[in-house]
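A quick write-up on the structure given underneath.
Residue numbers count from 1 along this sequence. Only this structure's heavy atoms are used, side chains among them; waters, hydrogens and symmetry mates stay out.
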Amino acid sequence: MTELTADDLRADYLARLDEAMRNLPHGVASDIRAGILEELQGLDAEATAARIAHLGDPVVIADEAQAEVPSATIVGAPTIAAAPTPRPPATSTRGFAIAAALTLSFGGIVVPVVGWFVGAALVSASALWRAWEKAIAIVVPFVVTGISFLTVSTLTALASSETGSSSSGTGTPPEVPAVNPLVPGVGEWHVLILLGFLLVPLSGLWLLWRLRGRTAG
């Protein structure tokens, strides 16, 4: 039977040590291996065998080193990076909502008619208002204006009718200027101005007031 040399004993022990330490962090395993190699270097076969017996089983050395390593550095399953938090859509941000409310309020003044429609579309797209709040801001100004317009028109027609009836028994009827039915009277114009310069801007400002303290959900 061939007697093992010091190099054979050293190589065999280091191979078993490497296998036992495969789950240790690379830096820790390298330091342990370098220290043991230094101890075994330059010894003859008998001294190498004695030193290996004194060092003990490589598995025990690896277990002791594993126990001293902080758990955060133990080699195991790779750490899975946390998925980045998705950014909220632009329509759910406060900046978008503020821009939408201001466009609804004053867009129709800057760009008549078209500006208001753009503001209404932006308000409808925003996620920071409830559906009933959007409906109030967009629809109510026109409902109030329409009712006011009909009321003023009715009262104007009644007043004209009473004036005509009172003058019918006096011979010559008073001269009444021709009225174009397509052109609103003074009262009707007042109602339209109320719509454009009061109710619509107020509806957008009301939305801004409702927006206080709200954030994207």
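A distance of 11.0 Å separates CG of Leu102 from CG of Leu122, quoted to the nearest 0.5 Å. A distance of 12.0 Å separates OG in Ser105 from CH2 in Trp206, rounded to the nearest 0.5 Å. To the nearest 0.5 Å, the span separating CG on Leu55 from OG1 on Thr48 amounts to 10.5 Å. To the nearest 0.5 angstrom, Asp31 atom CG is 9.0 Å from His26 atom NE2. Residue Lys134 holds its NZ atom at 8.5 Å from CG of Leu128, rounded to the nearest 0.5 Å. With rounding to the nearest 0.5 angstrom, the OH atom of Tyr13 is 6.0 Å from the CG atom of Leu17.
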Practice problem: Could you go through the side chain to side chain contact (heavy atoms under 4.5 Å, CB included) check for Arg10 and Gln41 one step at a time? | Solution: CA-CA 8 Å; Arg10 183 170 53 248; Gln41 199 77 338; 3.7 Å; yes

Exercise. Show the numbers, then the answer: is there a salt bridge (charged side-chain N to carboxylate O under 4.0 Å, His left out) between Asp12 and Arg16?
Key: CA-CA 6 Å; Asp12 176 69; Arg16 289 189 292 127; 3.3 Å; yes

Self-check item: Candidate pair Arg130 and Glu133, rule salt bridge (charged side-chain N to carboxylate O under 4.0 Å, His left out), full reasoning
Solution: CA-CA 5 Å; Arg130 299 177 179 87; Glu133 292 173 329; 3.6 Å; yes

Self-check item: Evaluation steps, side chain to side chain contact (heavy atoms under 4.5 Å, CB included), between Val28 and Ile32
Solution: CA-CA 6 Å; Val28 175; Ile32 294 175; 4.1 Å; yes

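Distance alone, capped at 3.5 Å, places no donor-acceptor pair between the Ser30 side chain and the Gly27 backbone. A donor-acceptor pair is defined here as one N or O able to donate and one able to accept, closer than 3.5 Å; no such pair exists between the side chain of Asp57 and the backbone of Val60.
In this structure, Val200 is a member of the same hydrophobic cluster as Ile136, with clusters built from ILVMFWY side-chain heavy atoms closer than 4.5 Å. Criterion: ILVMFWY side-chain heavy atoms under 4.5 Å apart, direct or through other members. Under it, Trp129 and Leu199 are part of a common hydrophobic cluster. A continuous path of hydrophobic side-chain contacts links Leu104 to Val144 [ILVMFWY only; heavy atoms under 4.5 Å]. No chain of hydrophobic side-chain contacts below 4.5 Å, direct or via other Ile, Leu, Val, Met, Phe, Trp or Tyr residues, connects Val114 to Phe142. Cluster membership check: Ile109 shares its hydrophobic cluster with Val113, using side-chain heavy-atom separations under 4.5 Å among Ile, Leu, Val, Met, Phe, Trp and Tyr.
Applying the side chain to side chain contact (heavy atoms under 4.5 Å, CB included) test between Leu14 and each of Ile52, Leu37, Leu9 identifies Leu37 as the sole match.
The minimum heavy-atom distance between Gly56 and Ile61, with the atom names listed, is O-CD1, 4.3 Å. Between Pro58 and Ala20, the closest heavy-atom pair is O-CB, 3.7 Å. Pairing each heavy atom of Met21 with each of Ala29, the nearest pair is CE-O, 3.5 Å. Closest approach of Ala101 to Val123, counting heavy atoms only: N-CG2, 4.3 Å. Contact detail for Arg51 and Leu43: the closest heavy-atom pair is CB-CD1, 4.0 Å.
Between Phe106 and Trp116, the distance separating the two ring centers is not shorter than 6.0 angstrom.
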